[in-house]
Amino acid sequence: MSFGSSLLSHPPHSVGFFFSHKNRTSSRFKAAANDVPDFLSSDWFESRKKRPSGPRLDFSAEDAVNFQLEALKHNDQPRQDYGIELMYRFAGFDPFERSTYFGPFFDLGQFERFRRIFHHSTYRVLLGHKERKIMSSLFVEENKYKQRVWIRGSRPEEEEIFQFTMVQRVGGCWDGYWLTESLLHDRDTFAGGLAY
């Protein structure tokens, strides 16, 4: 039995009810959609794409290093220590195990400990730095990349050299992404210890 023939078997008043009910429902949805205020600005999507968020599949190893350094250069934009947050998202360590991300074994499972190292050691030169130059870059293995970077800080005569070691993950949910295995200072930064 087709839809048309089933309508013919019903009294005319029930058919009218069916069509009027359908029209009322769709007009209710249209009205409801018009009532929803537009909280997002017209350029929200574009601004979202420009905002640093974390590792991206289309980043090369060099892109990933540059992205992190740029975030540290503008560390407090759009909010305080956002650049350090981004670094934490790129960090390739297990938060449940001690890590050699900064050289010595540290427990970096809590973001606050990671953040403190940037503020209370020679790593602070990276925050709001004025200038940087790539000194060398090398693929140590197919999925491992090292880059040495000279940094001129915002304070007078503040210059340091850092080495990024990036590793491209194979398998799992981070397959193909470049993550930071370590960020090392050229000198022994923590010789005197660090209360973190």
Side-chain angles (χ1 to χ4, degrees), residues 39-41 43-134 137 143-155 158 160-169 172-186 189-190 194-196:
F39 290 111
L40 301 176
S41 63
D43 65 340
W44 177 82
F45 184 69
E46 288 302 313
S47 68
R48 190 78 187 141
K49 287 197 294 190
K50 292 176 190 169
R51 186 171 297 153
S53 56
R56 296 183 188 166
L57 193 53
D58 61 341
F59 275 169
S60 67
E62 194 168 354
D63 291 339
V65 172
N66 187 55
F67 193 69
Q68 291 176 83
L69 285 169
E70 195 62 24
L72 290 174
K73 183 177 183 178
H74 306 284
N75 182 52
D76 292 329
Q77 296 172 10
R79 63 178 174 272
Q80 188 174 4
D81 287 335
Y82 189 70
I84 299 174
E85 279 182 43
L86 188 129
M87 294 292 291
Y88 198 68
R89 293 178 195 161
F90 269 93
F93 57 76
D94 183 344
F96 297 104
E97 293 182 14
R98 292 173 74 80
S99 168
T100 56
Y101 183 93
F102 292 109
F105 274 102
F106 284 136
D107 177 0
L108 300 173
Q110 295 175 4
F111 172 70
E112 181 55 29
R113 290 179 175 178
F114 185 83
R115 188 190 75 79
R116 224 175 287 161
I117 286 174
F118 277 98
H119 281 285
H120 301 289
S121 69
T122 52
Y123 284 83
R124 73 174 179 239
V125 68
L126 291 160
L127 305 178
H129 65 271
K130 298 296 182 194
E131 187 183 353
R132 65 180 180 260
K133 288 181 186 167
I134 297 171
S137 53
N143 294 346
K144 192 173 218 173
Y145 174 83
K146 290 184 181 274
Q147 186 176 95
R148 291 181 77 233
V149 185
W150 170 84
I151 302 286
R152 184 170 65 84
S154 56
R155 296 165 197 86
E158 191 177 42
E160 304 292 346
I161 297 172
F162 296 92
Q163 178 180 283
F164 279 83
T165 302
M166 305 298 294
V167 176
Q168 188 177 39
R169 290 287 173 88
C173 61
W174 289 103
D175 185 40
Y177 287 85
W178 286 97
L179 301 177
T180 310
E181 181 179 78
S182 65
L183 173 57
L184 305 177
H185 187 272
D186 252 22
T189 310
F190 305 107
L194 175 71
Y196 76 110

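Numbering of residues begins at 1 and proceeds along the displayed sequence.
- Note that the OH atom of Tyr82 and the CG atom of Leu72 stand 12.5 Å from one another [nearest 0.5 Å].
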Next item on the list: Mind running side-chain contact (heavy atoms from CB on, under 4.5 Å) on Phe67 and Phe90 for me, showing each step along the way?
Entry: CA-CA 10 Å; Phe67 193 69; Phe90 269 93; 3.6 Å; yes

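- Remark: aromatic rings of Phe164 and Tyr145 are distant, center separation not under 6.0 Å.
- Proximity of the aromatic rings of Phe102 and Phe114 is defined here by a centroid distance below 6.0 angstrom, and this criterion is met.
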Next item on the list: Decide side-chain contact (heavy atoms from CB on, under 4.5 Å) for Glu160 and Asp186; before the verdict, give the C-alpha distance in whole Å, the side-chain angles of both, and the deciding distance to 0.1 Å.
Entry: CA-CA 8 Å; Glu160 304 292 346; Asp186 252 22; over 6 Å; no

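- Under the salt bridge (charged side-chain N to carboxylate O under 4.0 Å, His left out) criterion, Arg115 pairs with Asp81, Glu112, sequence neighbours left out.
- Two residues are said to be in side-chain contact when any heavy atoms from C-beta on lie closer than 4.5 Å; Asp107 and Arg113 meet this criterion.
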Margin query: Working note: Met87 + Leu183, criterion side-chain contact (heavy atoms from CB on, under 4.5 Å); need CA distance, chi angles, decisive distance, verdict.
Written below: CA-CA 10 Å; Met87 294 292 291; Leu183 173 57; 3.7 Å; yes

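- In plain terms, the two heavy atoms of Gly54 and Phe59 that are nearest each other are O-CE1, 4.2 Å.
- The two residues Arg169 and Gly92 have their closest heavy-atom pair at NH2-O, 2.8 Å.
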Next item on the list: Assess whether side-chain contact (heavy atoms from CB on, under 4.5 Å) is satisfied between Leu127 and Asp76, documenting all intermediate values.
Entry: CA-CA 9 Å; Leu127 305 178; Asp76 292 329; over 6 Å; no

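- The salt bridge (charged side-chain N to carboxylate O under 4.0 Å, His left out) check on Glu85 picks up Arg79, Arg89, with sequence neighbours excluded.
- Between Tyr101 and Phe106, the ring center distance fails the sub-6.0 Å criterion.
- Looking only at distances, a side-chain donor or acceptor of Asn75 sits under 3.5 Å from a matching main-chain atom of Ile84.
- The structure places CD of Glu181 at 6.0 Å from OG1 of Thr165, a figure rounded to the nearest 0.5 Å.
- A salt bridge (Lys or Arg N to Asp or Glu O under 4.0 Å) check over residues 58-71, counting only residues at least two apart or in different chains, returns the pairs Glu70-Arg132.
- With sequence neighbours excluded, no residue forms a side chain to side chain donor-acceptor pair (under 3.5 Å) with Lys73.
- Considering only heavy atoms from C-beta on, Phe118 comes within 4.5 Å of Leu126 through its side chain.
- For the pair Met166 and Gln68, the minimum side-chain heavy-atom distance is below 4.5 Å.
- The salt bridge (charged side-chain N to carboxylate O under 4.0 Å, His left out) check on Lys130 picks up nothing, with sequence neighbours excluded.
- From Asn66, atom CG reaches atom CD1 of Ile134 across 7.0 Å, with rounding to the nearest 0.5 Å.
- Across every non-hydrogen atom of Gly128 and Ser154, the tightest pair is O-CB, 3.6 Å.
- No side-chain heavy atom of Val65 sits less than 4.5 Å from a side-chain heavy atom of Trp178.
- Checked against salt bridge (charged side-chain N to carboxylate O under 4.0 Å, His left out), Arg152 has the following partners two or more places apart in sequence or in another chain: Glu131.
- Side-chain atoms of Ser121 come within 3.5 Å of backbone N or O of Tyr123 as a donor-acceptor pair.
- Considering only heavy atoms from C-beta on, Leu179 comes within 4.5 Å of Pro55 through its side chain.
- Ile151 is listed as a side-chain neighbour of Leu69, based on a closest heavy-atom distance under 4.5 Å.
- Taking 4.5 Å as the limit, some side-chain heavy atom of Phe93 sits within range of a side-chain heavy atom of Tyr88.
- Note: Ile117 CD1 to Arg124 CZ = 14.0 Å, rounded to the nearest 0.5 Å.
- Listed for the Arg98 side chain is no donor-acceptor partner under 3.5 Å among the backbone atoms of Leu108.
- Side-chain contact between Gln163 and Lys146 is present, with heavy atoms from C-beta onward closer than 4.5 Å.
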